[in-house]
Each structure stands twice: as C-alpha cells, then as structure tokens.
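Presented below is the structure to which this report refers.
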Amino acid sequence: MSIPQFEEIVEPNDQTEARHEHLEKLRGLVGNVYPNKFKRSHVSGSEDTITALLSYPPIAAVSTEIGEIVAKLGERERPPAEIKDALNARLKELGNVRIAGRVAVPPRVMGKAAFVHLSDGISRIQIYCRKEDFVFVRNDSRDSLDPQDSWTAFGLLDHGDFIGVEGYLFITNTGELSVHVEQLQFLAKAMLPMPDKMHGIADPEIRQRQRYADLIASSLQVRSEPPTGAPAAASASGVAKSAGGQDLTTREVFERRARVISSLRRFLEDHGYIEVETPMLTPKATGAAAKPFETHHNALDITLYARIAPELYLKRLLVGGFEKVYELNRNFRNEGISYKHNPEFTMLEFYCAYMDVNGMMDFCEELLKESVLNAAGTLQLEYEGNTLDFSNFERISMRDAIGKYAPGVEARDNEIVSVFDTHVEPKLIQPTFIIDFPKSISPLSKASPENPIFAERFELYINRMEVANGFSELNDPREQYDRFVDQMAERERGDEEAMVLDEDYIRALSYGMPPAAGIGIGIDRLTMLLTNKHSIRDVILFPHMRPERRDPDLSEPPA
RNA sequence: GGUCCGAUAGCUCAGUCGGUAGAGCAAAUGGCUUUUAACCAUUGGGUCCCAGGUUCGAGUCCUGGUCGGAUCACCA
C-alpha cells in the first residue's frame, strides 16, 4: 500500500501557500505555533466560552438594552454616547475576560485598528484590536512582542485560525458588544481556506464526507439576519428553525438529535428502565428480517454477524429477571441506502414485563410527546409542508386503515399487507399506530386473544415512515419454536430475510419469560422529523458513502 | 440494480449557435484608528471530473467511465 504525500492530501494552491507563509512568519514571532493550552476566564461563573459569556445575565442584559436602542435607530444612526458610556462602565466592572475561538471572518484591518469575530462553534463575539494598544504573547516564554511586531503578527492571522484573547468588554459606536483586546495568543492555524462565508458548502458530497467542514461552515456562515449577540440556546423553542427563522444549521441539527436522545434516556430511567448493552457481533443474525453484515473471528475461527436487532438478547434479560430494560445503539443491515436507510442506524429498543401492546402504545406516546417537546420546544412540527401534530396519535387497525385511506380497494387477508404498503402508508402523515398485523409476518409477537390470525402488534407511522414497531412478546417457547420453523421454511423457499432460528433463545424462553411488551424506535428517522431534514444522511454525522478514490497516477510510488 | 440530473478558479456560480475562460467571495500588494456581507485601487490564480471520438476548431456535440444527487424496487 502506498503512502500518499502530505501535498496530495493538502494540495498546494495560492490559498494554502499564503497560509503556510503566514504560519512560518508567525513561528518566527511567537515561537511555538501549536501551543498546548489556553486558560479561559470564569467571569460567567463557569469556564467562559463565548456562548457562556453572552448568556451570563449581566452581559446578556447589556446586550438586550443596547439591542433595543439600536433597533429603533435608522440606517446610519449611532446610539447616544451617554447611554453607551453607562453600559461600558457596567461592563468594565466585570473585569477582564479571557476567551478563545476560531477567527470567524476574514480579519478586517483598517490602518491602525482591526475587527475580528471569534466563534466557539455556537456563538460569536467581536474582538477589537488597536495598534499600539495590544500585544501578542509568545508561546514559548512569558514574553510579549513589542507593539510593532504584534501588529505584524496580527496581519498574519487568517480566517479560521484559533486564537485566545484577554481584554475588557465594551460596546462599539455601532452598538455591538465586543472585547477590547489587550493580549492576544496564537493557538492554531487553519491551513485550508474556510468555506464561503455567504453560501457555506453547497456540494452534498463534501458536506457529508467532510462533516467537519460542514460544521465549520454552519458556524461561520453569515446569515441574512445575523443573530446579534443572542446565544443559539435561545432557539430552543419553535419548530425546526433557529433564532433567525432559518432552517437549522448543521450544528443545531446534531444538538437537537443529542437533546432528543438524552430526553428519551431520561424518561426511561425515570420510569425504572435500566440501560443494557448486548452483543453487536453475534453468531446468528436474528430478531428482525434483514440481510446481515458478515465477518470472521480469527481466534475462534467462526463467522460472526453484525447484529440486525438486539431484540432476542433483550428478551433473554426479561427471562433473567430484569423487568424493564432498554438499549439505545446501532443496528446494521446490509441493504440499500436511501433517504431513509443507512447501513448502520440507531435504534432504541425497550421491553417491559407484565405490559401488553396497548400499554406499550400508551407509554410510547407519552415518551415521544415528552421527548419531542424537550428537543423541539413544541409538539407541532413543520415538515415537508405539513404540520406534524405530536399531541394526537391515532390508533387504527390495518384493515380499517385500508377502508379509511383506500376506500374501494379490495384486500383479501393474504394481500392486506401489500395493499396497506402501496395504498395506505403513503397517506399516513400524522402520528398513527397501525394495529392488528397479520400473525404470519410477526414471528416474535403474541397472537391476539380475540382473533388469532392477528398479532398483538403495532407500527407507528409518521410522515409516511415507519418510526416504531412494537408488540406483545411471544413467550411460549413451543409456539416460538414453531414460528421459527415456519420462518426457516420461508427461507428454504428463497426468502433471504426470513428469520433465523435461534436455539439458545428457545432454551431461554423455556426457563419462563413473563408476559411483556417491547418496542423499537428508529432514532434517525425521529430526528429527521424533528429537524425538518429529508434525508437520513443529514441527521447522521458520518453517513456511509463509497470510499474516496485517489488518483491512481499519484498513488504508485517506486517499490 | 433501473431511470433522470449534475461535476468549470480555494468557495458559490455564469458561460449564448462549437470560435481567445468569466463574475462575486477568498488570496496577494497598497490606503484607511468603531467596522460588521466593511470600503477603495492594483495583481495573481484554470488538468473546464477522466478516457476516447466527431470537427479546421470542443467547457459546449457523441460514446464509455468515475464520483455525487434525486427517484423507483427491498429493508426500519
């Protein structure tokens, strides 16, 4: 295997060469250009990130006051000096702050003063540097550069570099909260140019392959209505929009994803569930109908499969005496990639002893309402031109749903599923539990006591997508065995996705499993709904893609 | 896997009928001590995705390929 040259990875061009030159000149001025740390101040009570400082009440209050005054001014008008001076006196009392971040705009140098915005990935704040008025700190000693060298060093900063500054907060003549810099420390270089400050990254390939660049672009992008001082956290309310009313930035999408996941965990733990971890590499790929990834374990010389579902392991734990368990982690399915399928996807599965399918629907509804509200701040979500209303979940049998959404369409018992898939699923926009599934396609669920051709099973549909699937768990080992045998017969007939018999699972059930209900919830799809994203790749940080291919001419060095 | 669409400067994009490769941003140089998509002046920057073909001449037309997107089928 050939080792690519550094220059093949970071290709030289006028942009990178300029940055490289700046870096070498900076090295001459400040010594170490990749120092190990920068100590931030604690004015806000905890470590002063830019976001923490901006949301610290005394500072937020000043921002709000000046913001209200500026909002009333005309195009070229400036806020009155006496108001500004009074606010500046309040800011000065807070003392010096030490903050760090990425240079968020190309530095604006104007003769003998300069303005730069720093970003902490969420919020940005302006810093103001005046020649003769601030110094660069050397990174290999405690010395400072003289003002002339400091000004020279400032000119070597590029859009995207990391710097740390110390200074005092003040309001500029135009009314923007800024840091008047007294000391500046160089922290790290950006050797590659930042994404276009107005457009960000348009190419979906780069957005997904180089998520880091996408995240930078989303934090540095200049929006048509820039968020003036208000931290992004203030956007917690509202639908899939951030403070300015625009679509969520990439950063905000993944913050919202994190919020819904932590809320799901909290709700489950508050209701007595414990989180468990079951094998991802398993000798049998079962518990769902899907093609698995296959690998080989050398030491044991056996084939292992990446799990397609944790279901059968979790139910073994019910046998073992855990009454409420959940697992929130990845499943792997070796199938097509689409806007709603990624080869690895995140599933929340949980099981509750002594509960049936109806109790599970009730609980699922409460869980989703709570988590959606926590993550998005509302139960009404704008999505693809519809308003999804999470305050109301319909429950309807598969048979009745066909009558309601596809009136006049004939559906004999053996066709009910395909008729449902083609005629009903595309119409299920609002949260809908479909119940009464045919038992034949539900090999792990209990039959309905009222009508044994149905399983006590539901699927939750939202915006034409299956978001959850749950049922009363079959706990009769003999019947489970018979169902597996039926599945194996399907397999023999060529259905590659029919379920595989798991002997150990039958043995486990034979020790006795309490009546129980279980569910799987697709976290990626739920996140799509919460963030108004139409592709699963937009809610997975590093979605699967074909590997990047290097130019073959460049990758064959002499042997 | 099928169908449709796309790839041009570091980034975002134009490029007419086949006739010398364009803009904005970014970069470089100079100016400017409160700017904020800063501004003004000057300069540099191209494997037009790759390989063939048609043609006097191809970014443009044709064929094949690579990568990506949308969509359909299977899956959650």
Side-chain angles (χ1 to χ4, degrees), chain A residues 10-19 21-22 78-79 84 104-117 124 126-133 151 155 158-160 170-176 178 180 191-209 213 217 220-226 228 288-292 308-309 331-347 349 421-422 459-461 465-469 495-497 520-526 528 534-537 545-553:
Chain A
V10 182
E11 285 176 24
N13 56 43
D14 63 325
Q15 313 283 314
T16 57
E17 275 160 15
R19 284 162 186 266
E21 236 172 79
H22 295 167
R78 297 291 161 85
K84 199 188 64 160
V105 293
R108 289 189 298 275
V109 179
M110 310 176 306
K112 292 174 181 166
F115 291 90
V116 169
H117 280 83
R124 62 175 73 195
Q126 179 170 263
I127 63 167
Y128 172 61
C129 297
R130 205 161 55 172
K131 193 181 176 182
E132 315 287 337
D133 203 20
W151 190 244
D158 287 302
H159 187 198
F170 78 113
I171 302 287
T172 65
N173 285 348
T174 54
E176 179 165 348
S178 306
H180 190 121
M191 295 302 293
L192 288 167
M194 294 298 105
D196 188 288
K197 67 183 175 187
M198 295 309 299
H199 304 93
I201 297 175
D203 185 346
E205 177 175 0
I206 298 175
R207 279 217 314 268
Q208 291 162 11
R209 258 191 223 286
L220 300 190
Q221 191 165 356
V222 177
R223 306 240 207 149
S224 41
E225 287 174 63
T228 47
K291 282 173 241 157
I308 57 175
N331 289 346
F332 306 86
R333 298 188 185 176
N334 202 344
E335 288 166 348
I337 293 176
S338 82
Y339 76 98
K340 55 180 175 175
H341 298 93
N342 194 61
E344 56 183 293
F345 63 102
T346 301
M347 177 99 102
E349 278 205 17
D421 285 349
T422 46
E459 284 188 352
L460 172 62
Y461 284 85
M465 279 193 300
E466 184 191 337
V467 172
N469 176 14
D495 181 357
E496 277 186 84
E497 289 173 357
I521 299 177
I523 299 302
D524 310 284
R525 290 181 176 184
L526 180 61
M528 287 166 69
H534 313 296
S535 169
I536 199 168
R537 299 174 145 201
M545 299 180 79
R546 206 179 292 271
E548 229 173 329
R549 209 172 55 93
R550 306 202 73 77
D551 191 331
D553 297 341

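Below, chain A is the first sequence line, B the second, and so on; all start at residue 1. Every heavy atom of this structure was used, including side-chain atoms; hydrogens, water molecules and symmetry mates were not.
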| request: For B:G24 versus B:U42, give the span between their P atoms, rounded off to a whole number of Å. | output: 12 Å
| In whole Å, what separates the C1' atom of B:A7 from that of B:G59? | 12 Å
| query | Nearest of B:C75, B:A76, B:U34 to any side-chain atom of A:I536? | reply | B:A76
| When only distance counts, do a donor and an acceptor, one from the side chain of A:E176 and one from the base of B:U35, lie under 3.5 Å apart? | no
| message | Measure NZ/A:K340 against C1'/B:U71 and give the value in whole Å, please. | response | 13 Å
| request: With the side chain of A:A202 defined as its heavy atoms from C-beta on, choose the nearest nucleotide among B:C13, B:C75, B:U33. | output: B:C13
| field | Heavy-atom side-chain proximity of A:M110 to A:F115 below 4.5 angstrom | value | yes
| query | So, does A:R19 use its side chain to make a donor-acceptor pair with the main chain of A:H159 at under 3.5 Å? | reply | yes
| query | Taking the six-membered ring for Trp, are A:Y128 and A:F170 parallel (under 30°), tilted (30 to 60°) or perpendicular (over 60°)? | reply | tilted
| B:A76 pyrimidine/purine six-ring stacking with A:F345, under 5.5 Å and 30° | yes
| query | In the strands shown, is B:U3 matched to any nucleotide by a Watson-Crick or G-U wobble pair with both distances under 3.5 Å, and which? | reply | B:A70
| message | If I pick the C1' atom on B:U71 and the same atom on B:U12, what distance separates them, to the nearest angstrom? | response | 26 Å
| said: It should be established whether A:R209 places a side-chain nitrogen or oxygen under 4.0 Å from OP1 or OP2 of nucleotide B:G68. | reply: yes
| said: In whole Å, measure the gap between the P atoms of B:U20 and B:C13 for me. | reply: 26 Å
| What residues, two or more places apart in sequence or in another chain, satisfy side-chain hydrogen bond (donor to acceptor under 3.5 Å, both in side chains) together with A:E466? | none
| Which whole number of Å gives the distance between the C1' atom of B:A26 and that of B:C67? | 26 Å
| Which nucleotide sits closest to the side chain of A:I201: B:C67, B:C32, B:U12? | B:U12
| When rounded to the nearest 0.5 angstrom, what is the spacing between CZ in A:R124 and CG in A:L220? | 6.0 Å
| N/O (side chain, A:R108) to phosphate O (OP1/OP2, B:A38) under 4.0 Å | yes
| field | Summary of protein contacts for nucleotides 22-31 of chain B, nucleotide by nucleotide, where a base hit scores B, a sugar-phosphate-only hit scores S (4.0 Å, heavy atoms) | value | --BSBSS---
